[in-house]
There are 4 protein chains.
Amino acid sequence: MVTEKKQQILDTALLLFVEQGIQATATAKIAKQANVATGTLFHHFSNKQELVVTLYRSIKDELSQSISQDSADKVHPSDNQVDTLKSTIKSYWHQAIEWAMSHPLKWQFLQQFANDPQFKISQQQDVMTSSMAFLVEAVEQGQQQGVLARLPMPLVLNYCHYHYLAVTTLFIEQPELFQQPSYQDGAFQMFWQGLVTKP
Amino acid sequence: MVTEKKQQILDTALLLFVEQGIQATATAKIAKQANVATGTLFHHFSNKQELVVTLYRSIKDELSQSISQDSADKVHPSDNQVDTLKSTIKSYWHQAIEWAMSHPLKWQFLQQFANDPQFKISQQQDVMTSSMAFLVEAVEQGQQQGVLARLPMPLVLNYCHYHYLAVTTLFIEQPELFQQPSYQDGAFQMFWQGLVTKP
Amino acid sequence: MVTEKKQQILDTALLLFVEQGIQATATAKIAKQANVATGTLFHHFSNKQELVVTLYRSIKDELSQSISQDSADKVHPSDNQVDTLKSTIKSYWHQAIEWAMSHPLKWQFLQQFANDPQFKISQQQDVMTSSMAFLVEAVEQGQQQGVLARLPMPLVLNYCHYHYLAVTTLFIEQPELFQQPSYQDGAFQMFWQGLVTKP
Amino acid sequence: MVTEKKQQILDTALLLFVEQGIQATATAKIAKQANVATGTLFHHFSNKQELVVTLYRSIKDELSQSISQDSADKVHPSDNQVDTLKSTIKSYWHQAIEWAMSHPLKWQFLQQFANDPQFKISQQQDVMTSSMAFLVEAVEQGQQQGVLARLPMPLVLNYCHYHYLAVTTLFIEQPELFQQPSYQDGAFQMFWQGLVTKP
DNA sequence: CATGAATGAGACTTCATTCAT
DNA sequence: CATGAATGAAGTCTCATTCAT
C-alpha cells in the first residue's frame, strides 16, 4: 500500500543514489527532486538508512522473483542429461542477464549497496548469492552426474557470482556489446567451460 | 622523498578508509590518529580527494610492479607451447593472488576506490585491467596458437579481472580456504578452463 | 514575506559588518548574536556572499525609493528657470543627506560594500550613481538652459557622487557639524558652484 | 637598506592586495609569488599587519614627497593675486593627479587601506588629507584675500580630498578619459568653481 | 498525511605564525 | 638571512533529523 509520494521518493532516491553515490546524496536533495517536502521523506522513512534498506529489499525481491519465476519454463528438456543441465543453467543465466540489462539503475544500486562499507554484508548474504540459491542444487546435481567438476561449492558459487558481475558490468557500460552474439554466446561459453569437468 | 609525517598520514588513511569507508572517514580523524595536526594533512595534500588519489596511485603502482617484476622468473619453460603458455599465465595468476593475500588492506582499498562513485573510473582504466596489460599479449598469443578460445578481448579481460576478484575476495574473507590446495588449484583450474578452446 | 528569523539575521549582519568589516565578520558570530543556529543562516542564504548581496540590494532599494519618492514634493516651483532647477537639485540633495544621517549604519554598509574588493562593482553601477539616475535628467536640462556648465556627463555624475560622499562622511563622523547651518549651507553651495556655468 | 627579497615581497604584496584585497590575500601566496619562502616573509615583517603598514607608509611618503617637491617650481607667478593663487593650487592639483595616474596600483592600495575597517583611520589622519596639508595654507590665504569663499576649513578640505578621489577614480577606471582635455580641464574647473567666492 | 523552517554537530579547508635546520 | 614543514584555531558550509503548523 505504497502512497504515490512514497513511490516518488523511492524512484528519485534510486536515481540519485546511482548517479552520486548513497552517502553523497542528501535527503534534502531527494525530497526536492521528488517534489516533496523534507519532512515528507522522514514521514515515510524514519531514517535515511531505512530508506536505503527499503529500496534495497524491494529491488532484491524483484530480482529474485524475476529469476526464479520466469526461468523455469524456458528450459528445453532433452534425453541427454548433460544437455538438460546445460539448458537449465543457460536459462537462468540468460534470465539474470536480461534482468540486469532491463533494469540497469536497479542493478547498479545493488552493486553500490553491496560495496558500501556502511551496509557491507558478508558476501554470503548478498542478493546475488542468495538469489542464485537455485544454482547450488543444479551444480550439486551436475557434479554427481560427473558433468561438472567436483570443486568446493563456495568456490563455484563465487565463480558464478563474479562471472555474472563481469558480464553485466561490461554490457551495462557498453550496451552495444550486448547486441553482438559473439559477446553473448562467448560470455556463457566461458562460464560453462569453467564449470565442466576437464575432458 | 616522502616526509615521515606524510607517510604516517598515508598509512593511517589506508587503515581508516578500509575500516570505515572513504567518505565516512573524516580528515580530522586521519590527522589525529596519525599524530599530526589537521593543517599538516592539508600541507601535504591540498584536498581530501588528492590524498585518496595519491594513495590509490601508490598502491596501484606497487601492485603493477609486484606482478610484472616478480612473475617473470617463475615461468617453467617447456617444449610444449600449451604448457609454456599455461605456465606463464599461472605464474602471473599466483603472483597476483599472492600480492592480494599479503596486502589485504591495500587490496581492499583498491576495491573500495574502484566502487566509490566519487572516484568511479570506467572499469577499462582500472588498476586490475591496466596492470594486467601483459595479459593481452599472452591471450592474443594463445588465441593464435589455437590454445585459447577466440573470444573478444574485452570479454576475456573482464573475465580475468572478475575471476581474480572472485577468488581474492573469497580468500581474504576466509583466509583458511587460501591454505587448502583444493581451493587454490580449483580456482586456477576454473579460470584456465574458461579460457581454453572447447575440446 | 521575510521570516522573523531571516530579518533578525539581516539586522545583526548589518550591525556587525559595519562594526568589524564584512570579511572580518564570521557567519557563526552573526548567527549567534541573532539568536539563531548556524544552519538557520544558511537555510535562508545559501552563501555568506548571498547574505551580503541581499543586504546590499535591500538597502540600495530603500535608498533609491527614499530619494526619488520623498524629494518630489519638496521642490519650490518658481517663474525663474534657474531657481526651479536649483530648487529641484537642492531638494534631492537634502533628501539624500537626510537619508544618510538617519540611517548611518546602512550608509556605512553601502560604503564598505562599494569598497570591498570581493564585491567591487565598477563605480558606474554603484548605488549612488544608479540611484541618482534622475540627476542625469536634471543636469542635461540645466546644461541645455545654459545654467550648468557643459561638461562631460560622467565627470559631472562622479562629481555629484563624491561630493555627496564627502559631506555625508564628514557629517557622520562628526554629527555636531550637521547641526550647523554654515556646514549644511556651505556644503550645498560648493556643490552647486561646481556645477554652474562660469560667470 | 632594503634587501632584494624584502623589496620583492613588498612589490608582490602591493600587486596582490590590489587585485584581491588586503584581508583576502594570504601571506603564503605573497611569499610564493615573490619566489620566497613563507618564513622569509616573517623574517622581514613580524606580522602581516606590519607588512601592510610598512607598505602603506612607504607609499604615503612617496606621494607626499612627490606632491610637495615637484609642484613648487611649476607655479606661474603673476601680478594678479587671484591668478597666482589659482596657479599655485592648479599646480598642486595637477601634480597630485599625475602621481595617481602614474602609480595606479599604489593609489588603489591607499584607497583600500583607507577603507579597510581593520586599519581604518579617522579621515583626519588620512594620507590624502595630511599630504594636502599645504592646501590649508593656500586656502586660508585665498579666503583672506576674498578670492575663496569663507567656508569652514574641514568642509573645504573634505571637498578637496573627495574631488580628488572622484577624478582619479574616474581616470584610473577609464584611462582614455584622462587623455581628453575636456575631462582634464573640466575636472579642475569644477574643483575651482566650488572653492571661489560667489560672484 | 504533508510541510519546510529550524537545529547544531561535524565536515572540509584556510591561514597567520613558529621553529628547527 | 633563508627555508618550508608543522601547527591548530577559526571559518564556511552540509546535512540528517525534528516539530509546530
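Please read all numbers here as calculations on a predicted model, not as lab measurements. The basis for the numbers below is simple: all heavy atoms, side chains too, and nothing from hydrogens, waters or symmetry mates. We name chains A, B, ... by the order of the sequence lines, and we start the count at 1 in each one.
Formation of a donor-acceptor pair under 3.5 Å by the Thr12(D) side chain with backbone atoms of Gln8(D) is found in this model.
Atom pair Gln118(A):CD and dA16(F):C1' shows a separation of 12 Å (rounding to whole Å applied). Atom NZ of Lys32(C) is separated from atom C1' of dA9(E) by 15 Å (rounded to the nearest Å). When rounded to the nearest whole Å, the span between CD1 of Ile30(C) and C1' of dG11(F) equals 12 Å. The NZ-P distance, from Lys6(C) to dA5(E), rounds to 9 Å in whole Å. The separation between Gln20(A) atom CD and dT14(F) atom C1' is 14 Å, rounded to whole Å. The CZ atom of Phe45(B) sits 12 Å away from the P atom of dA5(F) (whole-angstrom rounding). Counting to the nearest Å, the C1' atom of dG4(E) and the CG atom of Asn35(A) are 15 Å from each other. The nearest whole Å value for the distance from the NE2 atom in His44(C) to the P atom in dA5(E) is 7 Å.
Taking CD from Gln49(D) and OG1 from Thr54(D), the interatomic distance works out to 10.0 Å, rounded to the nearest 0.5 Å.
Closest approach of Lys48(B) to Phe17(B), counting heavy atoms only: CE-CE2, 4.4 Å. For the pair Thr40(A) and Val36(A), the tightest heavy-atom approach, listed with the atom from each and the gap, is CB-CG1, 3.2 Å. Of all the heavy atoms in Leu110(B) and Leu63(B), the pair that sits closest is CD1-CD2, 3.8 Å. Considering all non-hydrogen atoms of both residues, Gln112(D) and Ile22(D) come closest at OE1-N, 3.6 Å.
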Seminar exercise, completed: Contact string for nucleotides 10-17 of chain E, one letter per nucleotide 5' to 3', B = base within protein heavy-atom range under 4.0 Å, S = sugar-phosphate only, - = neither, reads -SSBBSBB

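Using a 4.5 Å heavy-atom cutoff, the side chains of Ile59(A) and Leu14(A) are in contact.
Taking a 6.0 Å sphere around CD of Gln33(B), one finds it holds 12 or fewer heavy atoms contributed by other residues, nucleotides or ligands.
Each of His43(D) and Leu41(B) was matched to the nucleotide of DNA chain F holding its nearest heavy atom; the match closer to the 5' end belongs to His43(D).
With a 6.0 Å cutoff to the six-membered ring centre and a 45° limit on the axis angle, Lys60(D) does not count as a cation-pi contact of Phe113(D).
Stem list for DNA chain F (at least 3 consecutive Watson-Crick or G-U pairs, distances under 3.5 Å): E:2-21 with F:2-21.
At least one side-chain nitrogen or oxygen of Thr40(B) sits closer than 4.0 Å to the OP1 or OP2 atom of dT7(F).
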